[in-house]
Amino acid sequence: MAKKKLKVVELFAGVGGFRLGLEKSDFEVVWSNQWEPSTKLQHASMIYEERFGLDKHSNADIAEVPTSKIPSHDVLVGGFPCQDYSVATTLHNSKGLQGKKGVLWWSIHRILSEKKRKPKYLFLENVDRLLKSPASQRGRDFAIMLQSLNELGYAVEWRVVNAADYGMPQRRRRVFFLGYYKNTKLYKDLKKSRKLNWINDKGVLAQAFPIQALDQYNEFSMNDDLVKISKSFNKNGKVSPFANTGVMVDGQVYTSKSLPDYNGPRMVLSDIIQNGEVPEEFFLDNADVKKWEYLKGSKKEKRKTKDGFEYNYSEGGMIYPDPLEKPSRTVITGEGGKSPSRFKHVIETDRGLRRLTPVELERLNMFPDNHTKLDGISDAKRAFFMGNALVVGVVERIGEVLAKRISS
């Protein structure tokens, strides 16, 4: 008899990175949502629909989608935007809180609050600065999220993973966190475990991405309600209490800084380069080479604001062109287009200096070649998608371990 697949709802789906990684294991996406609020043409959703079909996909503002329209599921996944998660108000008649309008974390919170049969597992991703934002209350945003999940009955483990530390072709650092509902075996195992053992080698994230053994962690409680955390958590603290690795169960946080432990094969930038099939438009214009060199180089110069205020400006140089024998720098949303830029990748080839192609950017995130290719979608837009995407290989590895642990 075929094994029953775990039902997944994918929010903030982009062009489907979570889906690509998870469906290699025992997961099946039963509903997805992708909505870009600032644009009329929904390009990412168009690509998602082209690759995975219109069936069970929603291209509507998630804040306007009633929870009743979202099917029951085992796993909720999503790479939601990093925003200000502060709590705006408490309400007498709902589940006690309302975040700032348009902040997408509260859409996740609302779904988890309103679902009678809550998803047993959460698999979420964000930029690593989430652990230390905002500057005035380091770690407050993550504390709000952890405590809101705690109140909803979830334990959480998190980890900042740099894909290149585990042999993948891009230096892309993101925080991944997994939530386990209180009726699951994973929740119970985490609750009764020695937390240091869970962080070191018993947890899902430690088994997916091994770390050098830790012998200690910091522990603290989060007993305050969300409004109080929003107003006063780590007020004026210079450092976030959340390190790059940790767990939270029953409002107790256990966290420590970890280092990767990996000795396997490694991919570098040269491994993903297209040879012989690159159009001329990706090569640097001779007239622009000096501009590229200036933008990439170190500077110490006087500059003026629009108001005429003069100030000293300095910045360090970047390695230029990008070294082919190392993993690439992080792909950014502005990677496309011909205009010279400090942050776009430039490589040296037999035909001269050039930018990276959309296929190469897809390969750096471990997407299939031409996943984002579609009539009407520009190369610059394809690059933008990859600047927003996650590394599929990271999701795949976590998904494999999670599926095994759930079924064991």
Side-chain angles (χ1 to χ4, degrees), residues 6 8 10 12-29 44 47-48 51-52 75 77-79 121 123-128 157-178 203-211 244-245 258-274 322 324-333 335 345 356-372 382-383 385-405:
L6 292 153
V8 176
E10 182 182 20
F12 324 112
V15 292
F18 259 109
R19 184 169 188 155
L20 287 170
L22 287 175
E23 290 197 336
K24 292 186 179 180
S25 297
D26 295 319
F27 298 93
E28 176 193 5
V29 174
I47 287 168
Y48 194 100
R51 297 291 166 251
F52 305 113
V75 192
V77 308
Y121 309 98
F123 183 179
L124 304 169
E125 174 261 2
N126 212 301
V127 294
D128 61 332
E157 64 170 305
W158 76 87
R159 178 81 172 285
V160 175
V161 177
N162 184 343
D165 286 341
Y166 293 90
M168 298 177 204
Q170 182 188 175
R171 299 197 297 272
R172 196 174 189 87
R173 187 181 287 109
R174 293 293 183 266
V175 60
F176 292 86
F177 48 109
L178 299 170
V204 173
L205 292 173
Q207 290 179 355
F209 294 103
I211 59 171
N244 67 353
T245 303
S258 68
L259 294 169
D261 184 14
Y262 176 77
N263 297 307
R266 293 182 182 274
M267 292 181 74
V268 295
L269 186 50
S270 63
D271 293 324
I272 61 89
I273 295 304
Q274 289 182 286
D322 284 274
L324 291 169
E325 72 282 3
K326 294 181 177 179
S328 82
R329 291 179 293 109
T330 302
V331 173
I332 58 162
T333 53
E335 200 78 51
H345 289 73
L356 296 182
T357 66
V359 165
E360 289 164 346
L361 296 172
E362 288 166 341
R363 290 175 181 176
L364 287 176
N365 276 327
M366 302 174 76
F367 277 71
D369 284 5
N370 287 316
H371 181 83
T372 59
R382 292 177 68 186
F385 295 145
M386 288 299 102
N388 269 338
L390 38 66
V391 177
V392 171
V394 176
V395 174
E396 185 179 343
R397 198 174 293 186
I398 294 171
E400 281 173 9
V401 176
L402 182 61
K404 276 183 197 160
R405 292 290 291 274

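All values reported here derive from a predicted model rather than from experimental measurement.
- The shortest heavy-atom contact between Y48 and V15 is CD1-C, 4.0 Å.
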Worked verdict on L178 versus L205 for side chain to side chain contact (heavy atoms under 4.5 Å, CB included) = CA-CA 8 Å; L178 299 170; L205 292 173; 3.9 Å; yes

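- By the ring-ring contact (aromatic ring centres under 6.0 Å, His included) test, F177 pairs with F142, sequence neighbours left out.
- Residues that satisfy the ring-ring contact (aromatic ring centres under 6.0 Å, His included) test with F123, not counting sequence neighbours, are F18.
- D261 meets the salt bridge (Lys or Arg N to Asp or Glu O under 4.0 Å) test with no other residue; sequence neighbours excluded.
- Here P169 pairs with M267, I272, L364, M366 under the side chain to side chain contact (heavy atoms under 4.5 Å, CB included) rule; sequence neighbours left out.
- Between E362 and N370, the shortest heavy-atom contact is OE1-N, 2.6 Å.
- Residues satisfying the side chain to side chain contact (heavy atoms under 4.5 Å, CB included) criterion with T245, sequence neighbours excluded, are R159, I199, S258.
- Listed by chain and number, the residues in a salt bridge (Lys or Arg N to Asp or Glu O under 4.0 Å) with D26 are K3 (sequence neighbours excluded).
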Side-chain donor-acceptor distances from residues 390-404 under 3.5 Å, at least two apart:
| unit_1 | atom_1 | unit_2 | atom_2 | d |
| --- | --- | --- | --- | --- |
| E396 | OE1 | K24 | NZ | 3.4 |

Passes side chain to side chain contact (heavy atoms under 4.5 Å, CB included), E360 versus I273? Steps please.
-> CA-CA 6 Å; E360 289 164 346; I273 295 304; 3.7 Å; yes

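- Shown here are the ring-ring contact (aromatic ring centres under 6.0 Å, His included) partners of F385, two or more places apart in sequence or in another chain: there are none.
- Atom CZ of R171 sits about 8.0 Å away from atom CG of N162, to the nearest 0.5 Å.
- Nearest heavy-atom pair, G79 versus F12, reported as atom, atom and distance to 0.1 Å: O-CB, 3.6 Å.
- Legend: residues meeting salt bridge (Lys or Arg N to Asp or Glu O under 4.0 Å) with R405, ordered by chain and number and at least two apart, are absent.
- Taking 4.5 Å as the limit, every side-chain heavy atom of R173 sits out of range of all side-chain heavy atoms of T330.
- Taking each heavy atom of H345 and R329 in turn, the nearest pair found is NE2-O, 3.2 Å.
- Panel note: side chain E157, backbone V204; a donor-acceptor pair is recorded below 3.5 Å.
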Given E10 and F52, is the side chain to side chain contact (heavy atoms under 4.5 Å, CB included) satisfied, shown in steps?
-> CA-CA 12 Å; E10 182 182 20; F52 305 113; 6.0 Å; no

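- The ring-ring contact (aromatic ring centres under 6.0 Å, His included) check on F176 picks up nothing, with sequence neighbours excluded.
- Scanning for side chain to side chain contact (heavy atoms under 4.5 Å, CB included) contacts around R266 gives Y262, with sequence neighbours left out.
- There is a side-chain donor-acceptor pair under 3.5 Å between N365 and Q170.
- What you find for V75 and F27 is that their closest heavy atoms are CG2-CE2, 4.0 Å.
- Residues R51 and F367 fail the side-chain proximity criterion, which asks for heavy atoms closer than 4.5 Å.
- Heavy atoms only, all atoms of each residue included: R172 and V331 are closest at NH1-O, 2.9 Å.
- Judged as a side chain to side chain contact (heavy atoms under 4.5 Å, CB included), and not counting sequence neighbours, the contacts of L259 are Q212.
- Between R174 and V127, some side-chain heavy-atom pair lies under the 4.5 Å cut-off.
- The backbone N or O of G387 sits nowhere less than 3.5 Å from a side-chain atom of E335 that would complete a donor-acceptor pair.
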